[in-house]
Amino acid sequence: MDAYIGLVRRLSQITGVIAALLIALAVLVICDMVIERYVFNLTTIWQIDVVTYSIVAATFVGSPYVLMKRGHVNVDILPLHLGPRARYWLAIFTIVLSMAFCVALWWLCTKFWYESFSENWRSNTVWRARLWIPYLSMPVGLGLLVLQYAAELLATATGRQPPFGMAPGQTPTIDIPT
Amino acid sequence: MTPTTQGILVLTATLLLLFSGVPVAFGLGAISLVFLVLFQGFDALRVVAETFWSGLDEFTLVSIPMFVMMGAAIGSSPAGKDLYEALDRWLYRLPGGLAISNLGACAIFAALTGSSPACCAAIGRMGIPEMRRRGYPDDVATGSICAGGTLGILIPPSVTFILYGIATETSIGRLFLAGVMPGLMLTGFFILWTLFIIWKRGFRSHAPDFRYTWKQKFTSVPKIAPFIAIIAGVMWTLYGGVATPSEAAGVGAALCVILAIVIYRMWKVDQWWEILRDTMRESVMILMIIAGAVLFGYMLTSLYLTQTLATAIAEAHVNRWVLMGMINVFLLVCGFFIPPAAIILMTSPILLPIIVAAGFDPVWFGVILTINMEVGLIHPPVGLNIYIINSIAPDVPVTTVMWGTIPYVLCMFLAIIVLCIFPEIATWLPDHLMGPVKK
């Protein structure tokens with residue numbers, strides 16, 4: 001079980017780096033676009049598509065990493081005021097519920113992606129991008145998200161990690177930007 | 001089942017689910033799927049993937065990671081410290097000068113990072129120990145920084161305004177400009193209150209025992225000025241209509257990162273990764289909520305819940321100010337528990353038709369909404385900033401911080417009332433610089 005949790009965490013770490021690089025790519029492409037458009041007065045064709053798709057892809061692909069780091073914001077007032085037992089069960093409930101949603105969404109998105117791939121959909125922008133390439137981020141990202149949720153479930157259910165990441169009798173942990 | 005019963009059912013289920021501590025993005029998504037299947041059958045799920053994707057597939061949304069990166073670059077550098085020092089060295093001789101330089105630093109840093117927690121942490125880390133060292137009462141020292149931090153979402157560029165602009169299709173440039181004067185006004189209220197309370201408690205010291213030399217006064221300025229110039233440049237291109245928000249913010253983000261690297265010698269790959277990682281975490285979190293909220297909005301409209309509510313309120317013929325009061329109370333209560341991004345994305349598509357039908361200006365309402373969100377940031381039970389202050393100054397009890405923030409909450413209420421009486425404070429600047437809204 002530890003091997004599975006470790007493997008999934010490693011995967012989420014890697015996709016996290018990929019997502020961060022996608023955002024960096026978007027910044028560079030925007031700079032390129034601005035220079036071409038406003039300095040050289042050229043018409044830009046592919047830049048807007050690439051930037052937008054990179055950011056959307058980063059969202060899906062980076063999601064497992066953010067989940068691992070407890071970055072998906074939630075309302076933690078109730079878990080904070082519960083006793084340890086109730087908090088444990090509530091954590092299990094929220095993980096199962098989110099996981100169920102992610103499985104459903106993964107299934108719907110995979111079907112959607114397959115359709116776009118087999119029918120060779122193109123974007124209705126000037127660039128006529130092949131849509132299955134950016135769409136691929138949905139099945140991949142959401143699939144990993146499901147795996148990460150399974151790891152969270154295992155780690156929480158077996159007591160390897162405290163429910164909601166809260167140590168008993170502690171105020172919420174907040175990462176302070178340094 | 002009538003739409004009203006459906007609406008009550010959806011509302012109750014959403015609130016219960018959000019309070020269970022489920023991540024907001026997935027909670028909203030799950031609710032939407034369940035109710036779509038419940039009321040429309042499994043056929044309704046066919047559009048879900050496409051809706052989820054198209055909620056994010058929007059060039060304007062790119063501005064969010066870009067503005068976040070701008071803030072992350074500045075936030076991870078020691079720029080906050082320099083800004084604080086610069087202001088303190090210029091203002092330390094004034095009575096209460098330290099309070100002014102703290103709140104001023106918060107306001108400027110807010111403009112630079114657009115993030116309330118980052119602002120609180122950066123200024124608070126220097127400001128709170130310094131204020132306490134010079135004898136300011138604990139509750140004033142912590143409360144003022146707590147409140148000052150919230151200016152981050154009101155003074156442009158602010159991610160909150162971008163979210164509102166996207167959710168309601170209001171011009172982001174206009175919203176940014178509308179935030180400037182209320183932001184300054186609120187900073188003024190905060191400063192006045194702080195000066196008043198320390199004066200009332202008999203605090204007169206203005207550091208007579210030491211002097212800064214002119215050289216010391218000027219050393220920090222060249223480090224800070226370029227960042228302020230970039231933000232000013234971004235704002236200028238935005239309202240000048242020269243470039244779209246995403247383009248301006250993208251170039252701004254690149255410049256901020258380069259400046260942080262050059263000025264603060266951040267050559268290490270680790271430091272670059274830190275900026276990228278923080279940007280990615282924050283943006284992914286916000287964008288996922290957006291996707292969830294778009295799905296939620298799709299569910300509400302396809303079940304005719306939004307329309308039913310808007311008509312019901314229009315037919316009730318409530319006085320428009322009573323209505324505005326009710327909306328404010330509603331937003332405040334939401335703000336006590338739910339993070340600002342989630343509230344704005346969930347409620348503004350529902351509230352906007354009501355607001356417009358009652359004859360209010362959507363840009364003005366964006367400002368009111370944002371001040372409401374600021375209250376939630378420093379008000380118990382959630383009050384994110386309170387916890388941040390608590391981790392910076394762990395020896396000040398949380399209750400002291402909470403009591404310290406109460407007067408600033410009242411300042412925010414006052415600002416909302418003033419804005420209701422004089423809406424021009426928000427609308428004058430955008431109308432003057434960009435021309436009146438075309439109706």
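Side chains included, hydrogens not; waters and symmetry mates left out as well; all remaining heavy atoms used. So you know, we letter chains A, B, ... as the sequences are listed, proteins then strands, and number each from 1. Computed from a predicted structure; not experimentally measured.
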Pick from A:Ala19, A:Ala100, A:Ser63 with the largest number of heavy-atom pairs that fall under 4.5 Å of chain B: A:Ser63
Toward chain B, the part of A:Leu131 with a non-hydrogen atom under 4.5 Å: neither
Identify the residues of residues 34-51 of chain A whose heavy atoms come closer than 4.5 Å to a heavy atom of chain B, ordered by number, or report 'none'. A:Val34, A:Arg37, A:Tyr38, A:Ile48, A:Val51
Under a 4.5 Å cutoff for heavy-atom pairs, which residue among B:Met285, B:Glu247, B:Met288, B:Glu282 has the most contacts with chain A? B:Glu247
Correct closest heavy-atom pair for A:Ala26 and B:Met66 would be CB-CE, 4.0 Å
Atom CG in A:Leu22, atom OG in B:Ser283: separation rounded to 0.5 Å? 12.0 Å
Non-hydrogen atoms of A:Ala20 and B:Trp273 that approach each other most closely: CB-CZ3, 3.5 Å
Side-chain donor/acceptor of A:Asn74 to backbone N/O of B:Gly21, under 3.5 Å: yes
Could you go through B:Asp57 and A:Tyr53, starting from their C-alpha distance and side-chain angles, then the distance that decides it, and tell me whether this counts as side-chain contact (heavy atoms from CB on, under 4.5 Å)? CA-CA 7 Å; B:Asp57 184 7; A:Tyr53 293 149; 3.8 Å; yes
Flag the pair A:His72 / B:Val24 as yes when at least one side-chain heavy-atom distance between them is below 4.5 Å, and no otherwise. no
What's the spacing between B:Met280 CE and A:Thr59 OG1 if we round to 0.5 Å? 10.5 Å
Under 4.5 Å to a heavy atom of chain B? For A:Val17 that would be both
Cut-off 4.5 Å, heavy atoms of chain A, and the answer for B:Leu287 is both
Show me the pairs that pass side chain to side chain donor-acceptor pair (under 3.5 Å) and involve residues 131-143 of chain A, at least two apart or across chains. none
Residues from residues 117-128 of chain A approaching chain B under 4.5 Å (heavy atoms): none
Under 4.5 Å, counting heavy-atom pairs only, tell me which of A:Ala58, A:Ser98, A:Cys109 racks up the most with chain B. A:Ser98
Can you give me every donor-acceptor pair (side chain of residues 41-51 of chain B, partner residue at least two apart or in another chain, under 3.5 Å) with its distance?
unit_1: B:Thr51; atom_1: OG1; unit_2: B:Val47; atom_2: O; d: 2.6

If we only count heavy atoms from C-beta on, is the A:Val73 to B:Ile289 side-chain gap below 4.5 Å? yes
Over all atoms of both residues, closest heavy-atom pair of B:Pro339 and A:Val75: CD-CG2, 4.3 Å
Name the region of B:Leu17, side chain, backbone, both or neither, that has any atom closer than 4.5 Å to a heavy atom of chain A. side chain
Chi angles and distances behind the side-chain contact (heavy atoms from CB on, under 4.5 Å) call for A:Phe60, B:Trp53: CA-CA 10 Å; A:Phe60 286 105; B:Trp53 174 273; 4.0 Å; yes
Which atom pair, heavy atoms only, marks the closest approach of A:Leu78 to B:Phe19? CB-O, 3.2 Å
If you take all heavy atoms of B:Leu276 and A:Ala24, which pair is closest and at what distance? CD2-CB, 3.9 Å
Rounded to the nearest 0.5 angstrom, the CZ-CZ distance for B:Phe52 and A:Phe112 is 12.5 Å
Enclosure of A:Arg130 CZ (heavy-atom neighbours >12, cutoff 6.0 Å): no
Where do B:Glu58 and A:Thr52 come nearest, in terms of heavy atoms and distance? N-CG2, 3.4 Å
Should the ring pair B:Phe26 and A:Tyr149 be called parallel, tilted or perpendicular, given that the plane angle runs from 0 to 90° and is split at 30 and 60? perpendicular
If you count the non-hydrogen atoms of other residues, nucleotides and ligands that lie under 6.0 Å from OH in A:Tyr4, is the total more than 12? yes
